Amino acid sequence: MGTVTIGVSIAVPEPHGSLLQERRAGFGDPAAHGIPTHITLLPPTEVESGDLPAIEAHLTEVAAGGRPFAMRLSGTGTFRPLSPVVFIQVVEGAEACTWLQKQVRDASGPVSRELQFPYHPHVTVAHGIAEEAMDRAFEELSDYEAAWPCTGFALYEQGADGVWRRLRDFAFGKSPLPSQGPDRSTRTQRLRAS
């Protein structure tokens with residue numbers, strides 16, 4: 001049957017996803033148009049294609065145990081010099097993302113794996129490009145903000161052309177907790193004019 005490369009992520013919804021993807025391309029990142037804007041729960045992982053049904057069943061169970069939560073992005077961060085990445089920070093929803101990725105990679109499941117670095121939820125906006133372009137991404141998106149209610153995650157597969165495509169969505173099974181204040185999901189994103 002062969003192997004496939006999969007990933008599990010929370011998609012950044014529109015209009016935020018396309019805007020950040022275009023900005024990433026504008027900084028000169030050649031991978032920008034092949035990678036939908038996302039928050040990773042399972043990094044690229046090679047699996048047997050015959051294992052996909054078991055993986056989907058596992059992800060269905062993980063989603064059934066989850067509940068919608070508020071997601072908020074604000075400002076930039078970087079993993080440099082350890083890793084050549086500039087990202088948008090997850091300032092609300094990070095704890096839920098951390099819980100989800102642990103469930104996805106659980107040792108009893110079909111995609112158990114160790115991570116190269118400690119898990120840190122983020123949205124990559126520049127990776128492996130010239131330092132000057134990384135600096136520009138860090139500065140130009142420093143006041144970027146976006147918020148939305150996260151209601152699930154998705155399974156992606158990387159094609160032979162290097163493009164990541166969504167295979168299936170997994171919606172959370174539990175009702176959200178009562179609101180703790182004003183609904184931040186209506187907050188609009190801001191982006192400093194460049």
Side-chain angles (χ1 to χ4, degrees), residues 6-27 29 31-44 56 59-60 62-77 85-104 119-127 137-138 140-159 162-194:
I6 62 164
V8 178
S9 301
I10 294 170
V12 174
E14 296 304 332
H16 316 296
S18 291
L19 186 144
L20 289 175
Q21 193 172 36
E22 288 304 316
R23 292 305 305 265
R24 184 172 178 173
F27 297 130
D29 190 328
H33 290 296
I35 304 173
T37 308
H38 68 282
I39 298 155
T40 299
L41 298 177
L42 176 73
E56 289 189 21
L59 296 176
T60 299
V62 171
R67 66 174 45 163
F69 59 92
M71 182 73 79
R72 187 163 66 90
L73 310 178
S74 182
T76 51
V85 173
V86 171
F87 58 85
I88 302 292
Q89 298 185 73
V90 174
V91 296
E92 187 174 359
E95 190 175 307
C97 290
T98 300
W99 180 86
L100 280 169
Q101 64 88 28
K102 284 181 185 173
Q103 304 309 306
V104 169
Y119 182 73
H120 183 276
H122 64 280
V123 177
T124 299
V125 291
H127 181 232
F138 188 87
E140 290 182 13
L141 294 172
S142 64
D143 65 352
Y144 182 86
E145 292 206 15
W148 69 92
C150 180
T151 57
F153 55 84
L155 172 65
Y156 292 82
E157 181 180 332
Q158 186 178 35
V163 175
W164 287 89
R165 293 174 179 85
R166 192 182 309 209
L167 294 180
R168 182 173 164 194
D169 291 312
F170 298 87
F172 295 136
K174 295 182 179 177
S175 298
L177 294 171
S179 175
Q180 300 295 316
D183 181 8
R184 290 195 241 191
S185 66
T186 57
R187 183 183 221 162
T188 57
Q189 60 89 18
R190 292 184 293 117
L191 184 60
R192 181 173 55 205
S194 351

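The model shown is predicted, which means the values in this text are computed figures rather than measured ones. Because only heavy atoms are used, hydrogens play no part in the values below, and waters and symmetry mates are left out as well, while side chains stay in.
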Of all the heavy-atom pairs spanning S18 and E14, show the shortest one and how long it is. OG-OE1, 2.8 Å
Using 0.5 Å steps for rounding, measure from the CZ atom of R24 to the CG atom of D29. 4.0 Å
Taking the side chain as every heavy atom from C-beta outward, state whether F87 and L73 have any atom pair closer than 4.5 Å. no
Rounded to the nearest 0.5 angstrom, the CG-CG distance for L42 and L100 is 12.0 Å
Are H16 and Y144 side-chain neighbours, meaning at least one heavy-atom pair lies under 4.5 Å? yes
Tightest non-hydrogen contact, residues A70 and E92, listed as CB-OE2, 3.4 Å
Is there a donor-acceptor pair under 3.5 Å between the side chain of Q101 and the backbone N or O of T98? yes
Side chain to side chain, L59 and R168, heavy atoms closer than 4.5 Å: no
Rounded distance [0.5 Å steps], CD in Q158 versus CZ in R165: 9.5 Å
Quick one: does Q89's side chain have a donor or acceptor within less than 3.5 Å of a partner on T76's backbone? yes
How many angstroms lie between atom CG of L141 and atom CZ of F27, to the nearest 0.5 angstrom? 4.5 Å
Nearest heavy atoms of Y156 and S9, plus distance in Å: CE1-CB, 3.9 Å
Please assess D143 against E145 for the test side-chain contact (heavy atoms from CB on, under 4.5 Å), listing each intermediate value before the final yes or no. CA-CA 6 Å; D143 65 352; E145 292 206 15; over 6 Å; no
Test your reading of the model: is there a side-chain donor-acceptor pair from Q21 to the backbone of A32, 3.5 Å cut-off? yes
Taking atom types as modelled, is there a side-chain donor on T37 or R23 under 3.5 Å from an acceptor on the other? no
Tightest non-hydrogen contact, residues I10 and C150, listed as CG2-SG, 3.7 Å
For a quick test of reading the model, state the closest non-hydrogen atom pair linking I88 to S74 and the distance between them. CG2-N, 4.1 Å
Please report the shortest heavy-atom distance between F170 and L155, naming the atom on each side. CE1-CB, 3.7 Å
Carefully, step by step, assess I39 and F153 under the rule side-chain contact (heavy atoms from CB on, under 4.5 Å). CA-CA 9 Å; I39 298 155; F153 55 84; over 6 Å; no
CZ (F172) and CZ (R67) are apart, to the nearest 0.5 Å, by 11.0 Å
V125 side chain reached by F138 side chain, heavy atoms, under 4.5 Å: no
